[in-house]
Amino acid sequence: MTTTDPLSATLFALADPTRRGLLARLATGDATVKELAEPYDMSLAAISKHLKVLEGAGLISRGREAQWRPCHLEAEPLQAVSEWLEEYRRFWDRSLDSLAEHLKELQQAAPSAPPPPRKPRR
C-alpha cells in the first residue's frame, strides 16, 4: 500500500479478516507472533506480513523482551475510523426518523379497514 493518509491506511489494515482477528486478540493483551499465529492455519511468515500492515497503520507496536518482540494494540487510529463512521450513523438515524414519520402519517391517513368476511358454517 502506498497511501500516506492515516485513515486510508487504517481502513486498508482493517479490510482483512485475519488482521481484524489479530487486533481482537491483542485487545485481550500483548502477544508474540507465535501466540498470535496459533488459531490460524498459516505460516509465521504470513502472520508477520499481516502484522507489518497493522504496524504500518499504527494499529500495533512491538516491544522487546529478550529475544521476543511482543505485539501491543495501539487503538488510537481506530478513533479516527469511529469518528468517520459517526457521520454515517447520523445519516442513518435521520433516514430512519424520516421513515418512521412517513409511516406514522400513512397510518393516520388510512381509513379503518372493514372486518374480514365470515366463513359460512356447514
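Not measured: the values here are computed from a predicted model. Note that the numbering runs from 1 along the sequence shown for the chain.
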Quick check: do Val33 and Trp68 have side-chain heavy atoms less than 4.5 Å from each other? no

Using 0.5 Å steps for rounding, measure from the NZ atom of Lys49 to the OG atom of Ser43. 7.5 Å

Straight-line distance of Arg25 CZ to Tyr40 OH, nearest 0.5 Å: 10.0 Å

Is the shortest heavy-atom distance from the side chain of Arg19 to the side chain of Val53 under 4.5 Å? yes

Please round to the nearest 0.5 Å and tell me the distance separating atom CD of Glu105 and atom CD of Glu101. 5.0 Å

Tell me, with the steps shown, if His50 and Asp16 meet side-chain contact (heavy atoms from CB on, under 4.5 Å). CA-CA 9 Å; His50 284 296; Asp16 185 276; 3.4 Å; yes

Please identify each residue that fulfils side chain to side chain donor-acceptor pair (under 3.5 Å) with Asp97, with sequence neighbours left out. none

Carboxylate-amine/guanidinium proximity below 4.0 Å for Glu38 and Lys34: no

Grouping I, L, V, M, F, W and Y whenever their side-chain heavy atoms are under 4.5 Å apart, do Leu96 and Phe91 come out in a common cluster? no

Counterpart residues, side-chain contact (heavy atoms from CB on, under 4.5 Å), relative to Glu55 (two or more places apart): Ile60, Arg62

Nearest heavy-atom neighbours spanning Glu74 and Ser61: OE2-OG, 2.7 Å

Quick one: does Ser82's side chain have a donor or acceptor within less than 3.5 Å of a partner on Leu78's backbone? no

Look up atom CG in Leu54 and atom CZ in Phe12, then write down how far apart they are to the nearest 0.5 Å. 10.0 Å

Applying side-chain contact (heavy atoms from CB on, under 4.5 Å) to Leu14 and Leu23, what does each step give before you reach the verdict? CA-CA 9 Å; Leu14 295 174; Leu23 288 178; 3.5 Å; yes

What is the minimum heavy-atom distance between Glu35 and Pro39, and which atoms define it? O-CD, 3.9 Å

When clusters are formed by joining ILVMFWY residues with side-chain heavy atoms under 4.5 Å apart, either directly or through shared neighbours, do Leu99 and Trp92 land in the same one? no

Which pair of heavy atoms, one from Trp84 and one from Leu11, lies closest together, and at what distance? CZ3-CD1, 4.5 Å

Thr18 side, atom OG1; Leu36 side, atom CG - distance, nearest 0.5 Å: 11.5 Å

Return the minimal non-hydrogen interatomic distance between Leu59 and Pro77, and the atom names on each side. CD2-CB, 3.7 Å

Of all the heavy-atom pairs spanning Ala27 and Leu73, show the shortest one and how long it is. CA-CD2, 3.8 Å

Flag the pair Cys71 / Thr32 as yes when at least one side-chain heavy-atom distance between them is below 4.5 Å, and no otherwise. no

Taking every heavy atom of Met42 against every heavy atom of Ile47, the minimum-distance pair comes out as SD-CD1, 3.5 Å

